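The next block holds one structure in the form of structure tokens; read it before the comments.
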Amino acid sequence: MKSKLIIKLMLFLMALAVPAFAEEAAPAAGPSLGLTISNVWMMVATFLVFIMHLGFASLEAGLTRSKNTVNILFKNTLIPAIGLLTYAWLGFSLMYPGEFNGIFGFAGFGLPFPTVAGALDLAYNEGYTYWTDFLFQGMFAATAATIVSGAVAERIKLNSFLVFSAIFVGLVYPITGSWKWGGGWLDSMGFYDFAGSTLVHSVGGWGALIGAIMLGARKGKYVNGKIKPIPGHSMPLATIGVFLLWLGWFGFNGGSVLSADPALVSLTLVTTCIAAAAGIVGAMITTWIISKKPDLSMVLNGCLAGLVGITAGADQMGLGSSFWIGLIAGGLVVVSVMAIDRLKIDDPVGAISVHLVCGIWGTLAVGLFGAMAGLKQFGIQLLGAGAYGITTAVAATVIFSVVKATMGLRVSEEEEVEGLDLGEHGLEAYPDLALRPAAKSSAL
Amino acid sequence: MKSKLIIKLMLFLMALAVPAFAEEAAPAAGPSLGLTISNVWMMVATFLVFIMHLGFASLEAGLTRSKNTVNILFKNTLIPAIGLLTYAWLGFSLMYPGEFNGIFGFAGFGLPFPTVAGALDLAYNEGYTYWTDFLFQGMFAATAATIVSGAVAERIKLNSFLVFSAIFVGLVYPITGSWKWGGGWLDSMGFYDFAGSTLVHSVGGWGALIGAIMLGARKGKYVNGKIKPIPGHSMPLATIGVFLLWLGWFGFNGGSVLSADPALVSLTLVTTCIAAAAGIVGAMITTWIISKKPDLSMVLNGCLAGLVGITAGADQMGLGSSFWIGLIAGGLVVVSVMAIDRLKIDDPVGAISVHLVCGIWGTLAVGLFGAMAGLKQFGIQLLGAGAYGITTAVAATVIFSVVKATMGLRVSEEEEVEGLDLGEHGLEAYPDLALRPAAKSSAL
Amino acid sequence: MKSKLIIKLMLFLMALAVPAFAEEAAPAAGPSLGLTISNVWMMVATFLVFIMHLGFASLEAGLTRSKNTVNILFKNTLIPAIGLLTYAWLGFSLMYPGEFNGIFGFAGFGLPFPTVAGALDLAYNEGYTYWTDFLFQGMFAATAATIVSGAVAERIKLNSFLVFSAIFVGLVYPITGSWKWGGGWLDSMGFYDFAGSTLVHSVGGWGALIGAIMLGARKGKYVNGKIKPIPGHSMPLATIGVFLLWLGWFGFNGGSVLSADPALVSLTLVTTCIAAAAGIVGAMITTWIISKKPDLSMVLNGCLAGLVGITAGADQMGLGSSFWIGLIAGGLVVVSVMAIDRLKIDDPVGAISVHLVCGIWGTLAVGLFGAMAGLKQFGIQLLGAGAYGITTAVAATVIFSVVKATMGLRVSEEEEVEGLDLGEHGLEAYPDLALRPAAKSSAL
Amino acid sequence: MKMVSAIIKHFKLDEVRDALNKIGVQGMTAIEVKGFGRQKGHMEVYRGVEYEVKFLPKVKIEVAVPGNKLDDVIRAIQEKAKTGEIGDGKIFVYDLEDVVRIRTGERGEEAL
Amino acid sequence: MKMVSAIIKHFKLDEVRDALNKIGVQGMTAIEVKGFGRQKGHMEVYRGVEYEVKFLPKVKIEVAVPGNKLDDVIRAIQEKAKTGEIGDGKIFVYDLEDVVRIRTGERGEEAL
Amino acid sequence: MKMVSAIIKHFKLDEVRDALNKIGVQGMTAIEVKGFGRQKGHMEVYRGVEYEVKFLPKVKIEVAVPGNKLDDVIRAIQEKAKTGEIGDGKIFVYDLEDVVRIRTGERGEEAL
Ligand SMILES: Nc1ncnc2c1ncn2[C@@H]1O[C@H](COP(=O)(O)OP(=O)(O)O)[C@@H](O)[C@H]1O
Ligand SMILES: Nc1ncnc2c1ncn2[C@@H]1O[C@H](COP(=O)(O)OP(=O)(O)O)[C@@H](O)[C@H]1O
Ligand SMILES: Nc1ncnc2c1ncn2[C@@H]1O[C@H](COP(=O)(O)OP(=O)(O)O)[C@@H](O)[C@H]1O
């Protein structure tokens, strides 16, 4: 329940409770106004996190080739669907099991929501209703799978990916998530991750890394030891994606306050935006220096890098700290993208650099900047990042291996050359528009 | 005024009224906090419904050929404009006439808004102001016309369509709407349609069906008794459209609660999302079985099918019911698209299947699932669906016939081959991008 | 502080203050409910203004050629980043300096936010927190630079534009802004500009005009005294842009109420939408009459024209006035685009017509329509529009001249022919899609 | 062997291909082109300025045929591609010195 | 009859077409192509990796002319398409055995 | 001089170009085409209806060569473009009467 926040919230909720008590004297007591406001805010945050799925779909489609676009859109439409359904059936009860041993707990299948006299218990949580809670958390859950999608794009089999995603969102994300947000062992140790630099982004990022390694590079990416760039097919689509993701982050971070507390939410929004802006500038400077030409795709990654970086401590930072966290994340992502490429790990959209590398950076930054900075906290952050890393990497390896052994992971070479759109879907993304030979060979 | 809800709202509003009364003791009484919160929520819902117009525009443009894209964007830009203006001048007063005979009432031209001492009467409705009410309802109204647009795309004359839309939104939608939401005869009978499976979607869908039949198929769609598919020109655009529509549905259904009641609104959002997710899965399974290849365009339709299906009873369902309603809608839409195609009714975007077929399904589902399920209710739902069907179909036939007789309905064959963009607008959608012969013939 | 509004707000905030006072009796006083609600609303408004940046990016990219798309997306990604950072460091303190001489004041570098006992002072402003205030205003600020971007597109050097933008957003916009919204001399005189027809749109528009003149026309635009149209490369992108801008305007105007006052905000939303709808219709009629074919790009401009037109008086107008202001703006923008073209001022997206011409129109309309109409007010509006015009034009001329003298303004002829995407970024917007010769010559 | 190259209207491509198939032609190559000729281009308007787009989209097909089939092929194309209106296009005939089938290395008429 | 096929730079197409019009050529066909030759391609950078795009966009025009106009046509194209810089392109001349106007069935020079 | 025109698969273009470079060919022109032949097209499904897309994307290269290089060029293309599967494409050889380099006005083999 993002429990560190609870102390801060207490004060706010107590104040809100005053009119709530007053109302109880009224003939037919309804929800308190404080709950009503916070619930509106949390619903808005939910919508914003929802639209991140369109952001991811657009970004991933934009940064890959048009012959695989239908496949990418298909995956990204299925992910929130599968994510929500498995989270409703399984995930939510795994992630927030209530009292548990700190490592694994389960509150039961379906949504065992608290009721009072046949209706939803509105005293369940002063900040929002159970339904709002579920939906907000459910939208979060699906993002972890989406992150993987980008790194394995253009070569993974559709059904294998869907199976992986269902298990990853249904089991891995919520169980590991319970360690911190569910009040588990890492939470008890003092590990801090405000909105998920580690719990969402690194977790997704580890899945991405393992997936990219196990699949191998796209045909034609590394030829005779040389890196051949495979440019994405639509920069406008990629840009739309990043703006929608930034928009969504208002809800991702702002909603993680879990109430409409004016000071806390608005501070979080400001740190989030400053980090995003600084990430853009950091990436621009870095790419301009390294490549001499400012690379749009890198700047877009830089924006996300700043956002991922600030996510762990968005409520703990001042403006200056947010700026530096974002700026460094922006530089880091550029260097990381190039390094990972040189390691011959093929990540078409830079998901590993954005979500894993900057997710770790953001988690550690909580120990370096802002209200919680300190050597001890830094150690705990390191431990937390490590614990998530090992667990998720192992889990992802196991799932991908089983899927590989049973259904296979990678499409046939012929299908890859021809494009997954025809191979998997029998449909083209742009049937009217002539494609350049470039879409098929790197020569033109 | 979606009057069935009023009982539930009472409790909520009474509670909110407590501070409102308290304030009246204050020197200069302003709006109550309860009104302020609900009004914020309703405004957010309005924005979400507004963005559905972009969703429809994108989806329709994406699922049709690039030579008609400008025309489609033009229509979809005009529809909200015309819709809002006619609704302000005429529609709102027809739909919510106050006390009336249950069949036809009219509160006067323009917006005769309630005032107290020269200012807007804030006691008008505890849930939102008159302005918010108008704008929310106005955004709804325009969607009915947009639905028609998709089915008649790629062959209808621009000005004929605009005239049809103005009459449809200005007269047909609000008059039939008054029967239920205005407190008319169907409302009195107990017909239930929470957010418009029938009042909005079926009404639009009937218009779509009549339009598609009266216009006839696009040239080249049915050749020698064989169906020739005419793929849409941009799957990313179609996908953006569907995600925006899902986003908009948070406001479409969530706003139909007509207050910020936390439990009711958040439940509605959850049922809405579960149905959308189930619709996606339902369509995926169905299309994968039937076509062996999972068809993205069908899955996109499946998402909308789930959303349309849940709309009539979004506040009456539990999670399980929402799941089944959505899943069935997702399967239904696939079968329906194929059946309608075999009937040689040419509906480029699947509007009839999504909005009419699933609108009826959703309306009937209120009698089959959830809190109101029962044979009697089922009968009433059937009656309501039938009453709307007959009325709208007749009205649409009359309007289309008059327009056909006076201005003509269909563009010339030459213009259709060449594309409406050049014919009607003298402008291309993508002047820079080379078009495949495919855009012109189905051979390549 | 948009001070004219303050009187109206008083009443509202006093009412909200009642529970706030009550809470102060509670053990640990938190924020008042009134503040919490208004703050939620203002945050939503901030998100909406944020998404306008994506709107501008899409519109500008859509109305220009594909060979310059990466460059345009790059600029439009950098603008909000640079805008937010400079506004945080400099602009906010310049625009809202507190007590000052009415012409120039400065509250200090960084964000000198008001605190009480180490935490943000929540009594700072009853309508929202300092953070929310900053972020809302910061999102506004960046729009002014974006407006310039459209007019100078397809030929300005990237780094020169970024330097211009930083100075324009960091100094010119906030200093001139302080004259009215900061409570400066024009505010004292009774000049009225609700949400920025002048302060944002005209200011941006003057920058656009000066930039377009100083750069000269794009190669191939005016050949032997004849105008050669250079169509934009993607109408869907342009349409997405306009819908997102309309969406954003709900926050731009609705947020400018600076509280969640239900009547005032909802009235503002209605006038905004009516004007947008009327702008669309006005432009459609005008372009249909003049060109015989209804031009989508003009209708899109018409929508924005209506929005810009209503912005100065969105809270002062009734429905009728909003309609006429929008309709006239829609007609005006079409005529203005054609006139400016005939003056051989090359404005690829119509920024000057939309933002400058309709910004002035909207400012003057406050003296012609609505609650404040009157000869004296008209005179003051004229004076205000003039004062902003002269100051901004001079400032823009100076900045552009210095930039030109030091770094140069325009890319080389070769780079312009080849496209700025390759020249400045070494990246193509659509590497997969074949480009028509049309993208390179006007012959095909 | 001859190479027959024809500029035709897009919507005639299906019919032409089928007709050629019927007379035993088993392969052809199609290319998207823009044609300028007696047929007028269309007027477009953009932001109040009218202009003529002079090149019209056409499709060009290239069919390599043995000399003895030349007349049949020309006749088939001419019949099927004809609408009788300006802009129907043209058929050009070249001499083809040699043909190689890449897959097998076959040459000459064998390779067609 | 001869077929003149020229690879030129895009922005020269207007001028070349007008010049050919002036000397009585009433039709031509344009095709979007990519050329590789002495002219260097441009370097692009994507995500930190530089690469050369070797094929450059060019436009190819095909003009069928009666033999006696051949020299005029070649001269017109060469003059108008020339910038003097590497990459201006080439003119190729083929023999054209026959031409058919699809609309009328006319053959040979009649059909041009 | 001869004009060698070859229809090949896209992903072979790089290799073919490099091979031609090695035997001294300094220029060529590539064109995006659609081919129809013995190779089956692919089936697509759209909204429940299956259909065959019969024309497959191919790339056509045109290389003008001096007569004495003809055999080398044909051999190079045939070797490099071959996969052994149906649809590898064809090489067509035409006689080229004249070539002009636009930049310099050079003619004939000089101009290649
Ligand atoms: N001399 C020519 N050389 C090459 N192509 C030509 C020539 N004349 C016409 N064409 C092609 O044939 C097409 C049709 O020619 P056009 O003169 O418009 O009609 P028609 O063939 O019916 O007289 C043109 O669009 C162009 O592509
Ligand atoms: N041998 C050739 N065969 C076919 N096309 C060629 C040949 N050589 C050059 N070209 C075409 O001519 C264009 C210009 O050639 P290039 O060598 O770059 O410049 P220039 O003609 O000025 O010497 C090339 O881009 C290519 O399309
Ligand atoms: N008679 C022909 N004329 C022109 N092009 C042809 C002809 N036959 C084949 N082609 C081209 O060659 C390509 C390959 O031919 P195909 O018959 O599929 O395989 P293969 O050459 O291996 O026998 C076709 O896609 C088409 O572009």
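Predicted, not measured: the structure shown is a model, and the values here were computed from it. Basis for what follows: all heavy atoms, side chains included, without hydrogens, waters or symmetry-related copies. Numbers restart at 1 for each chain; the letters A, B, ... are given by sequence-line order, proteins then strands.
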Distance (rounded to the nearest 0.5 Å) between [X] [atom1] and [Y] [atom2]:
X	Y	atom1	atom2	answer
B/Ile37	A/Ile37	CD1	CD1	4.0 Å
A/Leu135	B/Ile274	CG	CD1	8.0 Å
B/Leu319	A/Leu85	CG	CG	9.5 Å
A/Phe74	B/Ser297	CZ	OG	10.0 Å
A/Ile82	B/Ile280	CD1	CD1	9.5 Å
B/Thr271	A/Trp131	OG1	CH2	9.0 Å

| request: Heavy atoms only, distances under 4.5 angstrom: which of A/Leu78, A/Ile72, A/Val40 has the most pairs with chain B? Name it, please. | output: A/Leu78
| query | Can you tell which of A/Thr69, A/Asn71, A/Leu120, A/Leu158 has the highest number of heavy-atom pairs within less than 4.5 Å of chain B? | reply | A/Leu158
| query | Applying a criterion of heavy atom separation less than 4.5 Å, what residues of residues 237-244 of chain A form contacts with chain B? | reply | A/Leu237
| task | Would you indicate whether the side-chain heavy atoms of B/Met284 and A/Thr77 approach each other to under 4.5 Å? | result | no
| query | How about B/Leu296 and A/His425: do any of their side-chain heavy atoms sit closer than 4.5 Å? | reply | no
Structural part of [X] lying under 4.5 Å from a heavy atom of chain B:
X	value
A/Ile79	neither
A/Leu54	both
A/Asp421	neither
A/Ala61	neither

| query | When only heavy atoms count and the cut-off is under 4.5 Å, which of residues 42-49 of chain B reach chain A? | reply | B/Val44, B/Leu48
| message | For the interface with chain A, which of B/Gly232, B/Cys303, B/Ala278 has the highest count of heavy-atom pairs at distances below 4.5 Å? | response | B/Gly232
| remark: Checked B/Ala263, B/Ser234, B/Pro236 vs chain A; the most non-hydrogen pairs under 4.5 Å come from B/Pro236
| Is there a donor-acceptor pair closer than 3.5 Å between any side-chain N or O of B/Lys293 and the backbone N or O of A/Gly423? | yes
Residue part contacting chain A, namely of [X], when any heavy atom lies under 4.5 Å:
X	value
B/Leu269	both
B/Val270	both
B/Ala276	neither

| message | Would you call the rings of B/Trp246 and A/Phe50 parallel, tilted or perpendicular, taking 30° and 60° as the class edges? | response | tilted
Between [X] and [Y], what is the shortest heavy-atom contact and its length?
X	Y	value
B/Met235	A/Leu427	SD-CD2, 4.2 Å
A/Leu33	B/Gly34	CD2-CA, 3.9 Å
A/Asp432	B/Lys67	OD2-N, 4.4 Å
B/Cys273	A/Leu84	CB-CD1, 3.9 Å

| request: Please lay out, stage by stage, how B/Leu433 and A/Tyr430 fare under the test side chain to side chain contact (heavy atoms under 4.5 Å, CB included). | output: CA-CA 11 Å; B/Leu433 302 178; A/Tyr430 306 101; over 6 Å; no
